[in-house]
Peer 1: 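Mind looking over this structure? Questions follow.
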Amino acid sequence: MQSPSGPEETPQKRSLKKGPGLLISISLISMLLFLCVVLWVNWSKPRIEPEPLSRDVRSLVERIPGKSDALIYLGMKDIRNSSFWRKVMPDSMKKAPIVRMGGKIDSLMNSRGIVMTEDVDTLLLSFRRAGFKKNDFIAVASGSFSGKIPESYLKLQSVESAQAEGRNCYALDRNFWVCPLGPRKVAIASSRQMLQGFLKPSGSFLERDSLSAALLDKAVYKSHLWFALPSAEWTNSALQSLTSANSDMKGVGNLNRILHLALSAKFRDGIEAETEWVYRTRRAAFFASTFLWGAARLSGLSESRTNRQTRELLDRVRIQQNLESVIIHTDLPESIFKKTGSER
């Protein structure tokens with residue numbers, strides 16, 4: 001006798017395109033994306049191998065007294081010998097002051113006809129906060145400018161003189177001391193104590209100030225121009241030029257949250273430069289790099305708001321998060337500057 005039951009029902013397959021299956025798919029994809037982001041944020045990416053300090057510059061850096069809030073080097077002689085300086089740099093800019101110290105120092109340079117871009121070969125500067133709106137500094141410069149401030153002139157203009165480690169030091173102002181170190185080298189400092197600490201160093205600066213040493217290692221190019229800014233205050237001041245013309249940039253990249261900064265540039269036919277911004281956390285660096293990358297890409301795509309020269313420059317900027325840092329690298333060929341100059 002046949003069973004009265006109807007035909008046997010086939011079970012329905014669960015679809016991943018609707019209902020609970022869709023939710024599972026979205027959850028799996030979201031989890032994979034989250035894991036990828038976590039891996040990316042915590043992955044130490046490859047870096048450009050930094051150039052070593054020259055023996056002469058390293059010996060000067062090691063003599064810096066105390067610690068530093070800002071360390072700056074300018075290899076003006078090597079920059080002058082570059083093809084970029086000789087062929088691309090406009091003559092009107094070749095005598096423009098690169099570093100302004102203000103007060104008595106700028107007055108001395110103007111009165112003695114010292115042009116930094118022509119008369120200075122190398123310059124090493126270190127600043128250290130000494131109080132509210134006051135910084136101690138030590139600078140060592142070499143070049144033909146020393147012939148424009150002979151020791152006879154320093155002796156005549158000084159308000160005080162003293163010996164430091166067998167060398168004559170002259171105070172041209174209460175906060176401006178000059179000490180000739182040789183035929184083409186001069187040390188300049190904010191106090192006699194800074195000169196004394198430089199001429200008779202107590203240990204190595206690179207061992208004493210580990211933060212400055214670490215930032216110096218992050219400066220890729222060591223022969224032409226580099227900054228190492230351990231101080232957040234100095235870092236924010238250095239970035240003011242990026243935000244002064246565009247208030248919208250103040251929020252992009254969390255500029256006010258950058259703790260330390262390293263920057264270096266090399267002049268050849270064009271300019272190759274890299275800067276590294278150090279944040280407190282990897283998450284902060286990741287979000288900053290994402291905002292900066294997005295802003296650069298959007299500006300590059302906007303033909304109405306961004307001119308063609310700027311878009312070409314943005315196309316050559318590479319932005320990457322690397323652990324707690326945001327690294328920005330650019331390589332600008334000579335043709336970009338010539339094209340920009342001819343189309344003005």
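All heavy atoms count here, side chains included; hydrogens, waters and symmetry mates do not. We're numbering straight along the sequence, starting at 1.
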Peer 1: With sequence neighbours left out, which residue pairs that include part of residues 210-219 fulfil the salt bridge (charged side-chain N to carboxylate O under 4.0 Å, His left out) condition?
Peer 2: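 Residue pairs passing salt bridge (charged side-chain N to carboxylate O under 4.0 Å, His left out), neighbours aside: Lys218-Glu276.
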Peer 1: State the CG-CG distance between Leu225 and Asp78, to the nearest 0.5 angstrom.
Peer 2: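 The distance works out to 12.0 Å.
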Peer 1: Give me the atom names and distance for the closest heavy-atom approach of Ala164 to Leu199.
Peer 2: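 Closest heavy-atom pair between Ala164 and Leu199: O-CD1, 3.4 Å.
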Peer 1: Output every pair passing salt bridge (charged side-chain N to carboxylate O under 4.0 Å, His left out) with a member in residues 171-184, not counting sequence neighbours, ordered by first then second residue.
Peer 2: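 As it turns out, the salt bridge (charged side-chain N to carboxylate O under 4.0 Å, His left out) pairs with a partner in residues 171-184, which skip direct neighbours, are Asp121-Arg184.
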Peer 1: Decide yes or no for Ser146 and Lys185: does some side-chain heavy atom of the first lie under 4.5 Å from some side-chain heavy atom of the second?
Peer 2: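 With C-beta onward as the side chain, the pair stays apart.
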Peer 1: Mind checking side chain to side chain donor-acceptor pair (under 3.5 Å) for Ser82 and listing every partner two or more places apart, or none if nothing turns up?
Peer 2: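 Scan of Ser82 (side chain to side chain donor-acceptor pair (under 3.5 Å), adjacent residues dropped) gives none.
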Peer 1: Considering only residues two or more places apart or on different chains, which pairs with a residue in residues 282-294 satisfy salt bridge (charged side-chain N to carboxylate O under 4.0 Å, His left out)?
Peer 2: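 Qualifying pairs, neighbours excluded: Arg282-Glu324.
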Peer 1: More than 12 non-hydrogen atoms from neighbouring residues, nucleotides or ligands closer than 6.0 Å to NZ on Lys155, yes or no?
Peer 2: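 Atom NZ in Lys155 is not packed in, count stays at 12 or less.
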Peer 1: Please identify each residue that fulfils side chain to side chain donor-acceptor pair (under 3.5 Å) with Ser264, with sequence neighbours left out.
Peer 2: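 With neighbours one apart ignored, the set is empty.
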Peer 1: Over all heavy atoms of both residues, which pair between Arg80 and Met116 is shortest? Give the atoms and the distance, please.
Peer 2: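 Here Arg80 and Met116 meet closest at NH1-O, 4.4 Å.
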Peer 1: Check whether more than 12 heavy atoms from other residues, nucleotides or ligands sit under 6.0 Å from atom CZ of Arg55, and answer yes or no.
Peer 2: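 Atom CZ in Arg55 is not crowded, with 12 or fewer foreign heavy atoms closer than 6.0 Å.
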Peer 1: Test of understanding: with side chain to side chain donor-acceptor pair (under 3.5 Å), list the residues that count as partners of Ser142, not counting sequence neighbours.
Peer 2: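 Once residues adjacent in sequence are excluded, the partners of Ser142 under the side chain to side chain donor-acceptor pair (under 3.5 Å) criterion are Thr122.
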Peer 1: Should Thr275 and Phe227 count as side-chain neighbours, where that means a heavy-atom distance under 4.5 Å?
Peer 2: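 No, side chains not in contact.
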Peer 1: With a sphere of 6.0 Å drawn around NZ of Lys148, does it hold more than 12 non-hydrogen atoms of other residues, nucleotides or ligands?
Peer 2: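 Above 12, so yes.
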Peer 1: Applying side-chain hydrogen bond (donor to acceptor under 3.5 Å, both in side chains) as the test, list every pair that has at least one member in residues 109-118; sequence neighbours left out.
Peer 2: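 Every candidate side-chain hydrogen bond (donor to acceptor under 3.5 Å, both in side chains) pair involving residues 109-118 fails, so no pair, neighbours aside, qualifies.
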Peer 1: Under the ring pair (Phe, Tyr, Trp, His ring centres under 6.0 Å) rule, what pairs show up with a residue in residues 71-109, not counting sequence neighbours?
Peer 2: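 For residues 71-109: Tyr73-Trp226, Phe84-Phe267, Phe84-Phe337.
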Peer 1: So, for Gln320 and Pro46, which heavy atoms are closest and what is the spacing to 0.1 Å?
Peer 2: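 Smallest interatomic distance, heavy atoms only, reads OE1-O, 4.3 Å.
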Peer 1: Do NZ/NE/NH1/NH2 and the carboxylate oxygens of Arg192 and Glu160 come within less than 4.0 Å?
Peer 2: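 Salt bridge flag = no for Glu160 with Arg192.
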Peer 1: Going by salt bridge (charged side-chain N to carboxylate O under 4.0 Å, His left out), name the residues that satisfy it together with Glu165, two or more places apart in sequence or in a different chain.
Peer 2: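 Scan of Glu165 (salt bridge (charged side-chain N to carboxylate O under 4.0 Å, His left out), adjacent residues dropped) gives none.
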Peer 1: Hey, could you give me each pair passing ring pair (Phe, Tyr, Trp, His ring centres under 6.0 Å) that has a residue in residues 105-126? Not counting sequence neighbours.
Peer 2: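 For residues 105-126, and leaving out neighbouring residues, there are no ring pair (Phe, Tyr, Trp, His ring centres under 6.0 Å) pairs at all.
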Peer 1: Going by the rule salt bridge (charged side-chain N to carboxylate O under 4.0 Å, His left out), which residues pair with Glu62 if we only count those two or more places apart in sequence or in a different chain?
Peer 2: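 For Glu62 the salt bridge (charged side-chain N to carboxylate O under 4.0 Å, His left out) partners, ignoring immediate neighbours, are Arg58.
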Peer 1: Nearest 0.5 Å please: distance from the CG atom of Asn135 over to the OG atom of Ser190.
Peer 2: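 The OG atom of Ser190 is 8.5 Å from CG of Asn135, to the nearest 0.5 Å.
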Peer 1: Looking only at heavy atoms, what is the nearest atom pair of His260 and Leu211, with distance?
Peer 2: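 Minimum heavy-atom contact is CE1-CD2, 3.6 Å.
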Peer 1: Write out all pairs satisfying ring pair (Phe, Tyr, Trp, His ring centres under 6.0 Å) with one or both partners inside residues 151-187, taking only residues at least two apart or from two chains.
Peer 2: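 Not a single pair qualifies under ring pair (Phe, Tyr, Trp, His ring centres under 6.0 Å).
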Peer 1: Identify the two heavy atoms, one from Cys179 and one from Cys169, that lie closest to each other, and give their separation to 0.1 Å.
Peer 2: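 Heavy atoms of Cys179 and Cys169 come nearest at SG-SG, 3.3 Å.
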